[in-house]
J.: 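Quick one: the structure is below, and I'll ask about it shortly.
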Amino acid sequence: MNQTAIFWPMLVQVLLVYIVYAVLMKRRGAAVRTREVRISQFKDHSGEPAGSVSVGDNLANQFELPVLFYVACLAFYATNGVSYWVLALAWIFALSRYVHALVHVTINIVPYRTTAFAVGALVLALMWISFALHIAGL
């Protein structure tokens, strides 16, 4: 198995971060143009526009659970542990984050968002269990 294949789902996850940043900038820019808020309100987040609150929250989410994903991927790569199983888990995690972000920044229905989050969290837990088994030689 090509060990560098683990970097593709990582890159897809990184792309998601940039997509969410772009959506946030677009929504904030629109709020300034329509005079819903003033630029000065972004100095201390005193007036986050309603249309960008969930996007900002989602952006913060991209630096929480995904951090463990990046570390797991790098750990598998560093220990020559990338397998088809691990790669499948990595892709499922990355795709679950896209679903989570899409729900969060559009319809924001909490049960749907929670389901997408739970899938990603479970898959990530399986990655870490797989890593523990890998380094244990099992």
Side-chain angles (χ1 to χ4, degrees):
M1 162 114 242
N2 181 355
Q3 296 298 295
T4 61
I6 197 70
F7 294 123
W8 288 111
M10 285 179 66
L11 289 169
V12 166
Q13 176 60 37
V14 169
L15 176 61
L16 177 59
V17 173
Y18 282 100
I19 290 169
V20 174
Y21 266 120
V23 171
L24 183 62
M25 289 174 27
K26 181 178 178 187
R27 290 196 184 173
R28 283 180 173 175
V32 169
R33 282 189 302 282
T34 62
R35 299 182 191 267
E36 180 183 347
V37 296
R38 294 180 315 276
I39 288 178
S40 62
Q41 290 176 272
F42 294 114
K43 184 176 179 180
D44 60 5
H45 301 287
S46 64
E48 186 70 45
S52 63
V53 169
S54 63
V55 182
D57 290 346
N58 188 263
L59 185 60
N61 290 165
Q62 300 309 322
F63 295 97
E64 294 169 355
L65 196 60
V67 172
L68 295 175
F69 170 69
Y70 298 134
V71 173
C73 290
L74 292 171
F76 275 112
Y77 177 77
T79 61
N80 202 33
V82 178
S83 64
Y84 290 110
W85 165 252
V86 169
L87 193 57
L89 291 174
W91 277 112
I92 293 167
F93 176 82
L95 294 174
S96 76
R97 298 305 299 168
Y98 273 78
V99 172
H100 178 267
L102 182 63
V103 170
H104 203 175
V105 305
T106 58
I107 59 175
N108 202 13
I109 297 173
V110 174
Y112 295 168
R113 204 174 84 211
T114 301
T115 300
F117 177 85
V119 167
L122 176 62
V123 167
L124 188 57
L126 290 173
M127 283 182 74
W128 279 104
I129 291 166
S130 298
F131 182 70
L133 293 172
H134 164 67
I135 62 171
L138 302 175

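Just so it is clear, the model here is predicted, and its values are computed rather than measured.
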J.: Taking atom CZ of Phe63 as the centre, report whether more than 12 heavy atoms of other residues, nucleotides or ligands fall under 6.0 Å from it.
T.: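 Enclosed.
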J.: So, taking the atom named OG in Ser52 and the one named CE in Met25, what distance separates them when rounded to the nearest 0.5 Å?
T.: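 If we round to the nearest 0.5 Å, Ser52:OG and Met25:CE are 12.5 Å apart.
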J.: Arg27 and Val105: which non-hydrogen atoms are nearest, and at how many Å?
T.: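 That closest heavy-atom pairing would be NH2-O, 2.8 Å.
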J.: State, yes or no, whether a side-chain contact exists between Glu64 and Asn61 at a heavy-atom distance under 4.5 Å.
T.: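 They are in side-chain contact.
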J.: Should the heavy atoms of other residues, nucleotides or ligands under 6.0 Å from CG of Leu11 be counted, would the total exceed 12?
T.: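 Yes, enclosed.
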J.: Mind checking whether Trp91 and Val86 have side chains closer than 4.5 Å, heavy atoms only?
T.: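 A side-chain contact is absent here, since even the closest heavy-atom pair is not under 4.5 Å.
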J.: Looking at Ser54 and His104, would you say the former's side chain and the latter's main chain have a donor-acceptor pair under 3.5 Å?
T.: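 Yes, because the side chain of Ser54 sits within donor-acceptor range (under 3.5 Å) of the backbone of His104.
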J.: Hey, what do you get for CG (Leu24) to CG (Asp57), rounding to the nearest 0.5 Å?
T.: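 So the gap between those two atoms works out to 10.0 Å.
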J.: Are there over 12 heavy-atom neighbours, none belonging to Tyr70, within less than 6.0 Å of that residue's OH?
T.: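 Result for OH/Tyr70: enclosed.
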J.: Which is it for Lys26 and Val23 under the side chain to side chain contact (heavy atoms under 4.5 Å, CB included) test, yes or no, and what are the steps along the way?
T.: CA-CA 5 Å; Lys26 181 178 178 187; Val23 171; 5.7 Å; no
J.: With hydrophobic residues grouped by side-chain heavy-atom distances under 4.5 Å, do Tyr77 and Ile135 end up in a single group?
T.: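 Linked within one cluster.
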J.: Is there a path of hydrophobic side-chain contacts, each under 4.5 Å between heavy atoms of I, L, V, M, F, W or Y residues, that connects Ile107 with Ile19?
T.: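 Each belongs to a different hydrophobic cluster.
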J.: How close do Gln3 and Gly81 get, heavy atom to heavy atom, and via which atoms?
T.: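 Of all heavy-atom pairs spanning Gln3 and Gly81, the closest is OE1-N, 3.2 Å.
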J.: Return the CD to CZ distance between Gln62 and Arg97, rounded to the nearest 0.5 Å.
T.: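 Between Gln62 CD and Arg97 CZ, I get 5.0 Å after rounding to 0.5 Å.
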J.: May I have the step-by-step check of side chain to side chain contact (heavy atoms under 4.5 Å, CB included) for Val55 and Tyr21, ending in yes or no?
T.: CA-CA 8 Å; Val55 182; Tyr21 266 120; over 6 Å; no
J.: Please report the shortest heavy-atom distance between Glu48 and Val53, naming the atom on each side.
T.: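 So the two residues come closest at CG-CG2, 3.7 Å.
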J.: If you look at every heavy atom in Ala90 and Cys73, which pair is closest and at what distance?
T.: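 Residues Ala90 and Cys73, closest heavy atoms: CB-SG, 4.5 Å.
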J.: What pair of heavy atoms forms the shortest contact from Met1 to Leu87, and how long is it?
T.: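 Result for this residue pair: CE-CD2, 3.4 Å.
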J.: Looking only at non-hydrogen atoms, find the nearest pair between Asn58 and His100 and report the distance.
T.: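 Result for this residue pair: ND2-ND1, 3.4 Å.
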J.: One pair to check against side chain to side chain contact (heavy atoms under 4.5 Å, CB included): Val32 and Arg28. What are the steps and the verdict?
T.: CA-CA 6 Å; Val32 169; Arg28 283 180 173 175; 5.6 Å; no
J.: Which atom pairs, donor and acceptor, lie under 3.5 Å between side-chain atoms of residues 124-132 and protein residues at least two apart or in another chain?
T.:
from: Trp128; atom 1: NE1; to: Leu68; atom 2: O; distance (Å): 3.4
from: Ser130; atom 1: OG; to: Trp85; atom 2: NE1; distance (Å): 2.8
from: Ser130; atom 1: OG; to: Leu126; atom 2: O; distance (Å): 2.8

J.: How many angstroms lie between atom CG of Leu74 and atom CZ of Phe7, to the nearest 0.5 angstrom?
T.: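 Spacing of CG (Leu74) from CZ (Phe7) equals 6.0 Å.
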J.: Identify whether Leu65 and Ile6 are in the same connected component of the hydrophobic contact network (ILVMFWY, side-chain heavy atoms under 4.5 Å).
T.: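 Same cluster.
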J.: Answer with yes or no whether the hydrophobic clustering places Val12 together with Leu102; edges join I, L, V, M, F, W, Y residues whose side-chain heavy atoms lie under 4.5 Å apart.
T.: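 Different hydrophobic clusters.
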J.: Treat each ILVMFWY residue as a node, draw an edge where side-chain heavy atoms are under 4.5 Å apart, and state whether Val17 and Val20 are in one component.
T.: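 Result: yes, single cluster for both.
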